[in-house]
Amino acid sequence: MPPPPPAAVDQEQVIAYWTTEAGWSSELQLRNNARSQDLTVTPALRLPDGRETPLAPVTIKPQDVKSIDIAEAVAAAATPLLGSYGSVVLRFRSPSLNSLYAAMMIHSLGHAIAFHIDASAEDQETPVGTREGVWWLPKQTTNDYLVLTNQGGDALAVDVSLYNAAGQENRQKIMLGAYNSSRLSVRTLLQTAGFSGTYGGIKVSASAHAGSLDTVHFIFDENANFSSILKMFSRDPNAKVSERDFNATGMWTLRAPMLALSNPDPALAFPQGVTLQPQLFVRNATGKPATASLRFNWRSATTTGKAAGPQLRLLPYETRRIDVSVLQDGKTLPKDANWASVTLVSRTAPDEVVAVAASYDETLKYGAQTPFSDQLSHLWKGGMWEVDAYRSSIITAGNGGTKPTLAALSIFYNQGTQKYELRQTLQPDEQMWIDLGKLIREHRLDKNGNALPPDLTSGSYELRDLSNTGVGTLFEGKITYDKTYGHAAYGCATCCGYNAAKVFYDPIGVALLGTADDGVWGYSVCEGDYEDTSTSFYYHWNSAATSIVTVDSYGTHTGQGVGSTTSNTSGQLESTAHYPICPLKSFSPAGQANVTPRIDSISPAQGPIGTTVAVTLSGDGFGSTPTVSAGTGISVTVSSHSGTQIQASFAISASASGGNHGVSVTAGGQTSPTTNFYVQIPTSLSIISGDTSTPEASCTFTSGGQQYTGCGLTRSFTYQVNDQLGDPIQSGGLAVWDAFGTVSPNPLNIGAFNTTCTPANTGPCGVATNAAGQFNEVALSVCAVVCRNNTVCVTGGPSVVSQTWHVGSAAITQTISYYCQKVLVNGQ
Amino acid sequence: VFLRVFMSAILFTTPAMHSISRDAAKDIQGKLTAQVPAYTLNATDFGHALMIFGSRFQLPMGIQWVRSSDTLKKVSLSWRNASVEEMLDKLVKSQAGYEFHVADGVVHVSSLGEKSDPQNFLNLNVEKFEIHDQVVEVASHRLRDLVRLRVASPSGEGQLPKGVAYSQATNVSDPRFSLVLANVNVSQVLDNLIAASDRKIWVVTFVSDNAMSATGYRRTATLWNDATVPDAEQPVWDMFRWNDRSP
């Protein structure tokens, strides 16, 4: 059984931007990632100066996603915030920050302007760092906002640097107070700097409290019905490629999974004749030259393929635009290809080379985006997908690894209580491509034979790598496209790492020369429970003392000598560093390993209550001074022992509970696994042999000093004593005696009993079972005057009486029916 | 079958009993003269002590003892390099008035005067006692039925039951035997029962010197418990194997 999850603590995520300014709307989307616990989130809107207005708490069912219209929420709040903007803090109690996936969808009302902003969280352990991005102002009418947010309670001094395409820098300092945010215009800053051009780089740096900084950069053009989010990357100067090298290539790898190519996918419902201009902006965020290479995995309506892209040598701080439409010349990329997954590889540290992809037509009205990310994961928790008359969603999952993997897409709906499951084996670089509108429209059945309800309009989703648990190889993408305006907005999922690794058993008990398998639980921060991550820890198991225990590559422990030591392993898991990324982290779980004596057999393996049974335990590792325990009600005395055998007497109390008792041997401070000793309670008697009845044509008996003559019979047989399961109790020496109750009815006028012991109804008196648990009834008989009429025996009866047999310390009651011509025991 | 017929023949009548006693007498003499390096006897009372002693040294014994303040005291005796007979002598003489003698291969222990006491049911004459192919428990019950005719209290005819029921458990391995005796006393019948069966010690426990039944016989009790045995159940006796645990 996995260990219990950690206790819930206060958690806080921040979304850098919301707005209720004229013409804008904000929709907060909250997804509960947990597998089984409800999640209650209390949002609070922060104004740029840090003042907070709490909103009503929202409770979300597991796997469900809820949408909150900020304008409506603001109207219900105590402080009117219409016409404002700022950041949002989301507070909740959970064992981990990753229980919640949150995003803000920003819309410009009446325009094809929509983009999403993911939540982040303050990381107080990262003092120094930068936010790296690209600016792009494709037209003179293009507006932009660069939002800087201080998530923490300490003032934050930041340098905002803008670079032109060639890498020339303009820097200015900005001070952000506690929880403050600042909304800048890159266009204005460029004008101040005197920079020209349509694209370049952005760096926002902090020399202290950098983990409190979040930035968002988006551009929009209400006239052109255009918007684009220009993703910015958190760069930790101390980050190493090994922490982010999920497919073990040794290089910094970024992927953009859904670059819309020149020939739009009909699914996007763009007007006939629209041609997109896919382009990439690749930026060197460092002051030294950097190289990068591009490759494409493209797909058309009927086929897929791979293509190598250009090799890039970037000057310090240079931003370069790559026009992918030029590559779609039928030589590098097919002209009819609709989509491409773009992979960028560089020999730099993480986030030293960053990239942004955009694909719009020349008017900018029609288009789509796909974000670059280095993240591969075994589990992605996706936010809201939407399918209705105006919108539809496409989800993709790709294999970024070097081996095939089985990917599972689960689509949750009906408040997270139902799911639709698809599975597909993906070759390296291969993607599965799910058009949710198509699934619903065409009633496609999932792997379980279920179809999505035809009226379904939204839900959440997850992608799971079924072939890899600790470190997965899946990348993901999702777009939701607007059929009215022809605009597609992407949405991200959040990766799910582990923040703890524990061995299955601490201590692990291993019988001497026996084996026991161990493994490693990883605490999944999204789902809030432990998962088996053992495969990530193969080949690194060690024992601190191989004379006591050895461990093979897979965690199988073999007991070599009775005693205690430790075993450990190490491995990498996706972890939970600066939210929301999931870098690789090394874990070294360890535990105590106790090698115990081993019981191979116990003989006999059962015995009746109230007796003392000589028991032989065979096994190994019993040492020089073993003790034996058999649980409550059994007192054990060891009479002799060797390393492999123990002779003991089990004194079973009359009050011992019936059934299995665990017997263990303790030697050298270690206690063996238990083996069962079954305590038998004499419960029934069965007549097994020699059942004969002899009529007494004339019998005599003495009563009150007088002798009487009557008729009757004598029945004799052998009784077998049985236990509570009806099995024979094969135990000798159980004292046996009987007692009769009151006779009723009594037509034979039986007024006296001669029982096994004298005086009647007392005992014991030296009669006992043999080794098979048997005893003889030699004279179950009756002699009655009424059975004899004029010297002739007649029939009559029954006189009925209960007879209680005392067998050892138990009592078994049965019914005796005396007739003149027969005697029955329990009707037999 | 042949053995049973043979046994029946040799056990028939009193002279036959004497014939089996010659071998038994030799056997018991051998046991009594055996030297024992060391032996310690602990028992709850005199009666139990005799039973334990007989079991330990496998002596066929017939024991008559009377519960009294002296005989009910705990017994704790030790010997070194003594014969069984010497130890038995010391044990028996630890209670005033008791003696033992060997007759017909059986060690009899009793207090002086009990042998001829008319109030002792063991001295009742049994004209005929006949058992065919039965175990000792049934034989003992038969003997008890005979004795109760004389010892148990007579009751009014109207109150008497007109039927009796039996149930008699025995050990599976109990041997069956046949026995026909005539004109012997109850004590001799008991001697024959222990000679023929695996029960080797009979014990009659008298309640006290002056406790009499309504018919004028000395009241008896059992070693197995302290319960008072009613007149209708009188008399009782116990029979033990050598390997039976002490009650």
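By convention in this document, chain letters (A, B, ...) are assigned in the order of the sequence lines, proteins followed by strands, and residues within each chain are numbered from 1.
Taking every heavy atom of both residues into account, B:R241 and A:G766 meet most closely at NH1-O, 2.7 Å. Here the closest heavy-atom approach between residue A:T755 and residue B:H141 is recorded as O-NE2, 3.1 Å.
Between chain B and the options A:C699, A:A760, A:C765, heavy-atom pairs under 4.5 Å are most frequent for A:C765. The residue among A:G710, A:P759, A:A784 with the most heavy atom pairs within less than 4.5 Å of chain B is A:P759. Residue with the most contacts toward chain A among B:D145, B:V138, B:V164: B:V164 (heavy-atom pairs, distance under 4.5 Å).
In this structure, no portion of B:S173 lies under 4.5 Å from any heavy atom of chain A. Proximity to chain B (any heavy atom under 4.5 Å) is restricted, for A:T700, to the backbone atoms N, CA, C and O. Proximity to chain B (any heavy atom under 4.5 Å) is restricted, for A:L748, to the backbone atoms N, CA, C and O.
Results of the side-chain contact (heavy atoms from CB on, under 4.5 Å) test with B:Y166 over A:N754, A:L780, A:V782 single out A:N754 as the only residue that passes. When each of B:V135, B:V172, B:D174 is tested with A:N776 by the rule side-chain contact (heavy atoms from CB on, under 4.5 Å), just one qualifies, namely B:V172.
Judged by distance alone, the side chain of A:T756 and the main-chain N or O of B:A169 form a donor-acceptor pair under 3.5 Å. Under the 3.5 Å distance criterion, the side-chain polar atoms of A:E777 are matched with a main-chain donor or acceptor of B:Q168.
With a 4.5 Å cut-off on side-chain heavy atoms, B:R176 and A:V778 count as touching. Between B:N225 and A:T762, the closest side-chain pair of non-hydrogen atoms falls below 4.5 Å. Considering only heavy atoms from C-beta on, B:S167 stays 4.5 Å or farther from A:F753 through its side chain.
If you take NZ on B:K162 and SG on A:C787, they are separated by 13.5 Å, rounding to the nearest 0.5 Å.
Within residues 816-828 of chain A, the residues having any heavy atom less than 4.5 Å from a heavy atom of chain B are, in residue-number order, A:Y818. Within residues 726-740 of chain A, the residues having any heavy atom closer than 4.5 Å to a heavy atom of chain B are A:V736, A:D738, A:F740, listed by residue number.
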